[in-house]
Amino acid sequence: MDGLSGSEQRELASRMERKQMKEFMTMYSKLVQRCFDDCVNDFTTKSLINREEGCVMRCVDKYLKSSQRLNERFQEQNAAMMQGGGK
């Protein structure tokens with residue numbers, strides 16, 4: 001961003017924020033859909049039954065932990081590439 005003017009830097013930052021928000025919302029939507037499909041199967045009540053609630057909690061935990069681990073691995077790989085000169 002060194003060669004950009006102040007307004008260009010602000011525009012770039014704004015675009016990056018929108019992209020990050022879109023990616024977050026996409027991940028959130030996938031999480032909700034996946035856990036709902038996997039866990040909710042009793043539509044006779046308005047609220048979740050205990051079994052469904054436990055399943056949703058485990059599903060969300062597992063999804064978030066796996067996403068976090070993938071992010072960590074990506075950062076590790078990126079750091080290794082930077083140290084190796086992009087090899």
Side-chain angles (χ1 to χ4, degrees):
M1 292 198 340
D2 291 338
L4 301 177
S5 69
S7 64
E8 290 172 326
Q9 288 179 3
R10 286 188 298 277
E11 175 64 23
L12 181 58
S14 176
R15 286 183 184 203
M16 289 172 66
E17 283 179 21
R18 286 192 304 267
K19 182 174 174 31
Q20 287 176 335
M21 180 56 79
K22 183 178 179 183
E23 288 174 357
F24 171 78
M25 293 305 294
T26 299
M27 184 187 88
Y28 179 77
S29 293
K30 286 180 182 179
L31 169 65
V32 168
Q33 188 65 51
R34 173 80 185 253
C35 294
F36 181 87
D37 289 346
D38 288 352
C39 298
V40 180
N41 49 31
D42 180 3
F43 296 97
T44 59
T45 63
K46 286 184 177 183
S47 58
L48 296 175
I49 60 175
N50 288 340
R51 180 180 42 79
E52 291 171 332
E53 188 171 347
C55 179
V56 168
M57 297 302 283
R58 286 187 303 278
C59 179
V60 168
D61 186 52
K62 190 177 216 178
Y63 190 93
L64 293 177
K65 283 181 180 176
S66 66
S67 293
Q68 180 182 3
R69 182 63 184 135
L70 284 171
N71 187 37
E72 289 169 0
R73 289 292 295 146
F74 176 76
Q75 290 176 357
E76 291 166 5
Q77 292 292 323
N78 192 31
M81 285 176 47
M82 296 299 281
Q83 286 179 342
K87 295 179 185 175

K.L.:
Would you compute the distance between atom CZ of F24 and atom OG of S29 and round it to the nearest 0.5 angstrom?
P.N.:
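Those atoms lie 9.5 Å apart.
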K.L.:
Before you tell me yes or no, could you show the steps for N78 and M82 under side-chain contact (heavy atoms from CB on, under 4.5 Å), namely the whole-Å CA-CA distance, both residues' side-chain angles and the distance that decides it to 0.1 Å?
P.N.:
CA-CA 6 Å; N78 192 31; M82 296 299 281; 4.2 Å; yes
K.L.:
Test L64 against Q68 for side-chain contact (heavy atoms from CB on, under 4.5 Å), laying out the working first.
P.N.:
CA-CA 6 Å; L64 293 177; Q68 180 182 3; over 6 Å; no
K.L.:
Taking all non-hydrogen atoms of both residues into account, name the closest pair between C39 and E52 and its distance.
P.N.:
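Looks like O-CG, 3.3 Å.
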K.L.:
Around M57, counting heavy atoms of other residues, nucleotides and ligands shown, do more than 12 lie under 6.0 Å from its CE?
P.N.:
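Check fails, neighbour count at 12 or below.
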K.L.:
I would like to know whether K65 and E72 meet salt bridge (Lys or Arg N to Asp or Glu O under 4.0 Å); could you show each step before the answer?
P.N.:
CA-CA 10 Å; K65 283 181 180 176; E72 289 169 0; over 6 Å; no
K.L.:
State, to 0.1 Å, how close L4 and L12 come at their nearest heavy-atom pair, and which atoms those are.
P.N.:
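Looking at all heavy atoms of both residues, the shortest contact is CD1-CD2, 3.8 Å.
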K.L.:
Can you tell me if R58 uses its side chain to pair, donor with acceptor, with the backbone of G54 under 3.5 Å?
P.N.:
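Looks like yes, one N/O pair under 3.5 Å.
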K.L.:
Would V32 end up clustered with L48 when hydrophobic side chains under 4.5 Å apart are linked, directly or stepwise?
P.N.:
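Different clusters: V32 never reaches L48 through Ile, Leu, Val, Met, Phe, Trp or Tyr contacts under 4.5 Å.
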K.L.:
Hey, could you give me the CZ/OG distance between R69 and S67, rounded to the nearest 0.5 Å?
P.N.:
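Interatomic distance, R69 CZ to S67 OG, rounded to 0.5 Å: 13.0 Å.
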K.L.:
To the closest 0.5 Å, what do you measure between CG (N50) and CD (E53)?
P.N.:
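Separation between the atoms: 6.5 Å.
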K.L.:
Tell me whether D61 at atom CG has more than 12 heavy atoms from other residues, nucleotides or ligands lying less than 6.0 Å away.
P.N.:
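Enclosed: over 12 neighbouring heavy atoms sit under 6.0 Å from CG of D61.
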K.L.:
Please say whether more than 12 non-hydrogen atoms of neighbouring residues, nucleotides or ligands are located less than 6.0 Å from CZ in R15.
P.N.:
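Check fails, neighbour count at 12 or below.
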K.L.:
Please, which pairs that meet salt bridge (Lys or Arg N to Asp or Glu O under 4.0 Å) have at least one residue in residues 19-30, sequence neighbours excluded?
P.N.:
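Checked against salt bridge (Lys or Arg N to Asp or Glu O under 4.0 Å) - neighbours excluded - the pairs reaching residues 19-30 are K19-E23.
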K.L.:
If hydrophobic clusters are built from ILVMFWY residues whose side chains come within less than 4.5 Å, do M27 and V60 share one?
P.N.:
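Per the 4.5 Å side-chain linkage, M27 and V60 are co-clustered.
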K.L.:
Is it true that the SG atoms of C59 and C35 are less than 2.5 Å apart?
P.N.:
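Yes, the SG atoms sit under 2.5 Å apart.
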K.L.:
Taking atom types as modelled and ignoring hydrogens, do the side chains of R10 and S14 form a donor-acceptor contact shorter than 3.5 angstrom?
P.N.:
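Judged by distance alone, the side chains do not pair up.
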